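Working notes, structure below.
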Amino acid sequence: MSNQSLHDRRAQAMAQGQGALHPVYVDKALNAEIWDVEGNRFIDFGAGIAVNNTGHNHPKIRAAVQAQVQRFSHTCLMVTPYESAVDLSEKLNAAAPGDTPKKSIFVTTGAEAVENCVKIARSYTGRPGIIAFNGGFHGRTNMTMGLTGKVKPYKAGFGPFPGEIFHAPYPNAYHGISMADSLAALDDLFTCDIEPNRVAAIIIEPVQGEGGFYAAPTAFMQALRTLCDQHGILLIADEIQTGFARTGRMFATEYAGIEPDLMTMAKGIAGGFPIAAVVGKAEIMDQPGPGALGGTYGGSPIGCAAGLAVLDVIKEDNLIERAVAIGERMTGRLKQLQSRFPQRIGEVRNLGAMIAMELIVDGDASKPDAELTKALIGEARQHGLILLSCGIRGNVIRFLPALTISDELIDEGMDRLDEAFAALS
């Protein structure tokens with residue numbers, strides 16, 4: 001069996017819309033390493049898009065899942081519930097920022113979590129409007145595509161989208177968008193498009209994921225909290241990619257010292273098992289009546305078992321602190337690379353182990369180099385390194401290593417990145 005033969009079969013059997021960035025067919029994976037069906041070894045700097053924060057196939061998570069499967073795999077949480085869902089709900093409520101009493105619901109995907117935040121916010125406020133940000137990514141369903149602030153490949157050809165969705169510029173100092181610019185744009189929305197007393201919620205990623213790993217300034221997050229309080233608007237923090245120790249805090253919102261009204265959680269929540277959640281202030285979460293929220297697979301007992309094990313691993317292995325150390329080590333190496341190629345690498349940035357390198361042409365931030373980005377991903381694969389891209393201009397390499405990765409493996413991976421970059425430059 002070869003990667004190519006499987007890729008050929010895939011092309012015949014699977015729709016092209018569900019793409020495959022790397023034609024590498026995985027046979028096994030452990031921590032931050034992957035082996036394909038041909039026996040090739042890869043260092044994984046993507047972690048399944050920030051899902052495997054605890055590494056591939058962590059023994060504690062594997063044992064928890066195996067034990068659960070021996071007992072039962074599904075009953076439907078809304079029909080005959082189980083203790084693990086209650087346990088996980090209690091722990092997520094306690095982990096969420098702020099002192100207000102919390103409650104949660106379980107769903108299956110991040111997009112579902114976002115959809116439910118919109119439902120809950122509209123139900124609680126009795127208002128229709130939702131404000132999101134340019135460059136944001138919130139999912140691939142019709143509602144979440146409407147919220148997403150990036151057209152290709154997520155929105156092109158799929159409209160129309162739901163009404164009463166509005167977008168504002170996300171603050172981005174590297175590209176000349178100040179916090180004042182973003183706040184002024186929100187004021188313009190209230191003046192020109194929708195009055196604030198018709199806005200149910202503002203949704204924001206504390207660090208944009210698909211948008212390019214830009215972090216919202218602490219002062220901006222605090223200003224949004226004040227603005228929402230002033231107008232009775234709910235603040236939704238989309239922590240799907242930033243959560244579960246990824247940024248050097250349990251949740252990135254903690255850096256701003258604010259309490260969101262609602263939060264989405266997914267990706268790193270369960271070490272690779274499909275489960276997602278909405279956690280919010282109890283009064284808000286209890287607004288929809290019984291049966292108004294849920295889903296057949298929401299709160300899977302297997303996902304709950306994995307989620308409980310993930311929380312234990314984060315604590316026992318000090319992964320919050322480890323994320324900070326990983327970020328420092330990797331950005332140090334990236335800045336060395338930047339000093340060698342200043343005309344090609346415009347900015348290196350990170351929040352914990354959410355790390356980015358933005359590629360440009362001739363040292364000009366306004367000239368994104370999407371071609372080099374695409375080429376580097378392919379070249380790195382030839383050097384045994386799995387990379388991911390992002391950014392509304394397609395010119396950002398994002399680094400999301402497992403938080404359980406060793407320093408030695410980081411260094412080996414960065415050596416391979418150096419080799420790949422030099423080969424192209």
Side-chain angles (χ1 to χ4, degrees), residues 76-79 81-132 138-139 141 143-144 147 199-206 221 224-225 228-229 231-240 242-244 250-254 256 258-270 274-301 303-304 307-308 311:
C76 188
L77 183 59
M78 300 182 298
V79 179
Y82 27 87
E83 183 180 5
S84 60
V86 179
D87 287 345
L88 185 58
S89 183
E90 289 172 342
K91 290 186 177 182
L92 293 179
N93 295 341
D99 297 328
T100 307
K102 306 291 195 306
K103 287 192 175 182
S104 25
I105 63 166
F106 290 115
V107 289
T108 310
T109 67
E112 234 187 314
V114 173
E115 291 256 359
N116 277 275
C117 278
V118 172
K119 288 169 59 177
I120 293 165
R122 285 176 167 170
S123 177
Y124 181 78
T125 63
R127 304 174 180 183
I130 307 292
I131 296 174
H138 300 289
T141 62
M143 169 59 73
T144 58
L147 295 170
V199 177
I202 296 176
I203 184 168
I204 187 168
E205 297 166 282
M221 296 293 290
L224 280 186
R225 179 69 276 175
C228 288
D229 290 341
H231 295 293
I233 299 169
L234 301 188
L235 181 61
I236 303 170
D238 185 337
E239 293 265 9
I240 289 169
T242 51
F244 296 92
M250 190 64 175
F251 300 103
T253 312
E254 295 174 39
I258 63 169
E259 181 178 6
D261 297 299
L262 298 166
M263 294 176 63
T264 60
M265 302 178 186
K267 289 193 182 291
I269 190 173
I275 187 171
V278 176
V279 175
K281 295 177 179 177
E283 178 185 348
I284 297 169
M285 294 292 292
D286 272 341
Q287 174 62 33
L293 306 173
T296 301
Y297 293 106
S300 153
C304 287
L308 289 167
L311 292 176

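Only a predicted model underlies this, so the values are computations on that prediction, with no experimental measurement involved. Values reported hereafter were calculated over all heavy atoms of this structure, with side chains retained and with hydrogens, waters and symmetry mates removed. Here, residue 1 is the first one in the sequence, and each next residue gets the next number.
Among the candidates V278, V107, N116, the single residue satisfying the side chain to side chain contact (heavy atoms under 4.5 Å, CB included) test with L293 is N116. The one candidate from T264, T141, T144 that meets the side-chain hydrogen bond (donor to acceptor under 3.5 Å, both in side chains) condition with E115 is T141.
By the neighbour-count criterion of 12 heavy atoms within 6.0 Å, atom OH of Y82 is densely surrounded, having more than that number from other residues, nucleotides or ligands.
Side-chain contact between E205 and I240 is absent, with no heavy atoms from C-beta onward closer than 4.5 Å.
Within the 3.5 Å criterion, the main-chain N or O of P97 finds a donor-acceptor partner in the side chain of K102. Side chain of E259 to main chain of T100: a donor-acceptor pair is present (N/O by atom type, distance under 3.5 Å, no hydrogens or angles). Proximity of a side-chain donor or acceptor of E254 to a complementary backbone N or O of F251 within less than 3.5 Å is detected. Checked by atom type and distance alone, the side chain of S123 never pairs as donor or acceptor with a backbone atom of K119 at under 3.5 Å.
The SG atom of C304 lies 5.0 Å from the CZ atom of F106; values are rounded to the nearest 0.5 Å. Considering CD1 of I105 and CG of L92, their distance stands at 12.0 Å, rounded to 0.5 Å. Atom CG of D261 sits about 4.0 Å away from atom NZ of K281, to the nearest 0.5 Å. Distance check: M265 CE to M250 CE gives 7.5 Å after rounding to the nearest 0.5 Å. A distance of 9.0 Å separates NE2 of H138 from CD1 of I236, quoted to the nearest 0.5 Å. Taking CD of E83 as the reference point, atom CG of L88 lies at 12.0 Å (rounded to 0.5 Å).
Nearest heavy atom pair, residue G232 against residue R127, reads O-NH1, 3.3 Å. Shortest non-hydrogen contact noted between L235 and C228 is CB-SG, 4.0 Å. Closest non-hydrogen pair, K91 versus L311, comes out as CB-CD1, 3.7 Å. Contact detail for I202 and I233: the closest heavy-atom pair is N-CG2, 3.7 Å. Here the closest heavy-atom approach between residue N93 and residue S104 is recorded as OD1-OG, 2.8 Å. Closest heavy-atom contact between A200 and T125: CB-OG1, 3.3 Å.
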Task: Check against side-chain contact (heavy atoms from CB on, under 4.5 Å), I120 and Q287 - done: CA-CA 7 Å; I120 293 165; Q287 174 62 33; 5.6 Å; no
Task: CA sep, side-chain torsions, deciding dist, call: V118, M143, side-chain contact (heavy atoms from CB on, under 4.5 Å) - done: CA-CA 9 Å; V118 172; M143 169 59 73; 4.1 Å; yes
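D229 meets the side-chain hydrogen bond (donor to acceptor under 3.5 Å, both in side chains) test with R225; sequence neighbours excluded.
Side-chain atoms of E239 and T253 form a donor-acceptor pair, as typed in the model, at a separation below 3.5 Å.
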